[in-house]
Visitor: 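One structure, pasted below without further comment.
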Amino acid sequence: MKKVLITGAAGFLGSHLCDKFIHEGFYVIGMDNFITGDKKNISHLANNPNFEFIEHDVTEFIKIEGDLHYILHFASPASPIDYLKIPIQTLKVGSLGTHNLLGLAKAKNARLLIASTSEVYGDPLVHPQTEDYYGNVNTIGPRGVYDEAKRFQESITMAYHRFHGLETRIVRIFNTYGPRMRLNDGRVIPAFMGQALRGEDLTVFGDGKQTRSFCYVDDQVDGIYKLMFSDYAYPVNIGNPNEITIGDFAEEIIKLTNTNQKVIYKELPVDDPLQRQPDITLAKELLGWQPKVEREEGMLKTFNYFKSLSEEDLYKSEH
Ligand code: NAD
Ligand code: UDP
């Protein structure tokens, strides 16, 4: 049985990747320090003979006994309010954490896939974003801790690939959503859905004209899986190109949740990208991948998940 290490396993994407790799017949080692994750996301795997969990901070030396064939490095705060709250840890997990995982991959002769992000494009001047766009990032702005950690992560990964011949993969993930997102993580989907469930007004930041393109988690996981088993070492965008303004999205959520909340406007966070849409031509050609889940279907599944959570989760404001 091939062995896979997944960091960030107790998080939103990491936990879905654990499920996917177990389902595909791998033995999965999940690793997490729970800084933004939740034990509940992997509790269903506790008695699975093909899963083990190691509580560990990946910025510290990582020791794995025996063979290891694949590594997916997904540990990192991912929501703007998380990485603003823990900026140093965010920089460390993208830099020191990635360095540790590259070293581990080299020692084990394993293939490493790193979770990069559309944030490497910053507030993009090219639209939609293609992989050959270098980006427009404010290194010293509050979001810089995340964006630059991820840019460094890509650079050091390519250096290990070129210098040591390590097998590496880089996925640039665009806004992804679905069950197991933290209701209070501040990202727009949990924020709007939590507000709808609590009967609060929906908080649109800025004038609501900024755009995002939302990808359902099952599509994202499928794209990442295909990339891992491709032979392409350069970055690949994985996301859903269906773009919408945040203002229109708030209206969509009000309709979907069948509520009659008002929309209220709040200040736009510093360096909040004005537009974001993946160009997925490369993923289509290279991986034969494209998203299948329409926003309406994905949002409904996600809303049903949030509805099933406890009152305690719904009113928890701090992680
Ligand atoms: P998440 O916060 O739900 O999961 C991240 C997990 O990493 C958490 O369980 C957290 O406890 C863990 N973690 C953080 N620092 C750690 C450390 N030092 N050691 C061990 N574990 C640590 O976030 P997510 O949405 O699942 O994102 C996962 C990855 O995907 C991140 O690398 C993120 O940058 C990337 N990504 C996500 C999106 C998205 O839309 N969800 C978009 C772009 C990139
Ligand atoms: N946003 C919003 N209201 C909220 C949370 C977010 O209008 O309560 C906006 C945010 O300013 C951004 C977009 O929604 O323009 C997506 O934000 P998110 O935090 O989900 O992720 P980002 O794509 O900015 O990393």
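Bear in mind that the values here come from a model prediction, so they are computed numbers and not experimental data. Counting starts at 1 for both ligands and their atoms, following the listed order.
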Visitor: Which atoms from ligand 2 have a heavy atom of Thr203 less than 4.0 Å away?
Guide: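 Checking each atom against Thr203, I get 2 (C), 3 (N), 4 (C), 7 (O), 8 (O).
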
Visitor: List every atom of ligand 2 that sits less than 4.0 Å from any heavy atom of Phe192, numbering the atoms from 1 in the order shown and giving each element.
Guide: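 Near Phe192, meaning under 4.0 Å from one of its heavy atoms, ligand 2 has 3 (N).
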
Visitor: Between the side chain of Asp219 and the main-chain N/O of Lys292, is any donor-acceptor distance below 3.5 Å?
Guide: yes

Visitor: Does the distance from a Lys or Arg side-chain N to an Asp or Glu carboxylate O, for Lys301 and Glu297, drop under 4.0 Å?
Guide: yes

Visitor: Within the distance-only criterion (no hydrogens, no angle test), does the side chain of Thr117 pair as donor or acceptor with the backbone N or O of Glu119 below 3.5 angstrom?
Guide: yes

Visitor: Please work out whether any backbone atom (N, CA, C, O) or any side-chain heavy atom from C-beta onward of Asp272 is under 4.0 Å from ligand 2, and answer side chain, backbone, both or neither.
Guide: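 Side chain only.
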
Visitor: Which residue in the set Leu5, Leu96, Leu72 passes side-chain contact (heavy atoms from CB on, under 4.5 Å) when paired with Leu101?
Guide: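 The passing option is Leu5.
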
Visitor: Between Phe214 and Phe249, is the ring centroid distance below 6.0 Å?
Guide: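 Between Phe249 and Phe214, which both carry aromatic rings, the centre distance is below 6.0 Å.
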
Visitor: Going by the atom numbers of ligand 2, which of them fall below 4.0 Å from some non-hydrogen atom of Ala191?
Guide: 8 (O)

Visitor: Distance check, rounded to the nearest 0.5 Å: Ile6 atom CD1 versus Phe26 atom CZ?
Guide: 9.5 Å

Visitor: Of all the atoms in ligand 2, which lie at a distance below 4.0 Å from a heavy atom belonging to Gln210?
Guide: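 Once the distances to Gln210 are compared, the set is 9 (C), 11 (O), 15 (O).
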
Visitor: Do Tyr225 and Tyr70 have their ring centres less than 6.0 Å from each other?
Guide: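 For Tyr225 and Tyr70, the ring centres are not under 6.0 Å apart.
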
Visitor: When you measure from atom 21 (O) of ligand 2 to each heavy atom in Asn175, Val204, Asp185, Ile246, which option holds the nearest one?
Guide: Asn175

Visitor: Quick one: do Phe53 and Phe34 satisfy ring pair (Phe, Tyr, Trp, His ring centres under 6.0 Å)? Show the steps, please.
Guide: CA-CA 12 Å; Phe53 181 75; Phe34 301 116; 5.4 Å; yes

Visitor: Determine, considering heavy atoms only, which of Gln195, Arg143, Arg212, Arg187 sits nearest to atom 25 (O) of ligand 2.
Guide: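 When every heavy atom of Gln195, Arg143, Arg212, Arg187 is considered, Arg143 comes closest to atom 25 (O) of ligand 2.
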
Visitor: Tell me which part of Pro273 gets within contact of ligand 2: side chain, backbone, both or neither, using heavy atoms under 4.0 Å.
Guide: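 No part of Pro273 comes within reach of ligand 2.
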
Visitor: Check ligand 1 for close polar pairs with the protein: N or O on both sides, less than 3.5 Å.
Guide:
residue  : atom   : partner : partner atom : Å
ligand 1 : 2 (O)  : Thr36   : OG1          : 2.7
ligand 1 : 3 (O)  : Phe12   : N            : 2.8
ligand 1 : 7 (O)  : Ser76   : N            : 3.4
ligand 1 : 9 (O)  : Gly11   : N            : 3.0
ligand 1 : 9 (O)  : Asp32   : OD1          : 3.2
ligand 1 : 9 (O)  : Asp32   : OD2          : 2.6
ligand 1 : 9 (O)  : Gly37   : N            : 3.3
ligand 1 : 11 (O) : Asp32   : OD1          : 2.5
ligand 1 : 11 (O) : Phe34   : N            : 3.4
ligand 1 : 11 (O) : Ile35   : N            : 2.9
ligand 1 : 11 (O) : Thr36   : N            : 3.1
ligand 1 : 11 (O) : Gly37   : N            : 3.0
ligand 1 : 18 (N) : Asp57   : OD1          : 2.9
ligand 1 : 19 (N) : Val58   : N            : 3.0
ligand 1 : 21 (N) : Asn33   : N            : 3.2
ligand 1 : 21 (N) : Asn33   : OD1          : 3.2
ligand 1 : 25 (O) : Arg187  : NH1          : 3.0
ligand 1 : 25 (O) : Arg187  : NH2          : 3.0
ligand 1 : 26 (O) : Phe12   : N            : 3.3
ligand 1 : 26 (O) : Leu13   : N            : 2.7
ligand 1 : 32 (O) : Phe74   : O            : 3.2
ligand 1 : 32 (O) : Lys150  : NZ           : 2.8
ligand 1 : 34 (O) : Tyr146  : OH           : 2.5
ligand 1 : 34 (O) : Lys150  : NZ           : 2.9
ligand 1 : 40 (O) : Thr176  : N            : 2.8
ligand 1 : 40 (O) : Thr176  : O            : 3.4
ligand 1 : 41 (N) : Arg187  : NH1          : 3.0

Visitor: Checking Glu24 now: which residues fulfil salt bridge (charged side-chain N to carboxylate O under 4.0 Å, His left out) with it, not counting sequence neighbours?
Guide: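 Only Lys20 meet the salt bridge (charged side-chain N to carboxylate O under 4.0 Å, His left out) criterion with Glu24.
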
Visitor: Heavy-atom contact under 4.0 Å between Phe249 and ligand 2?
Guide: no

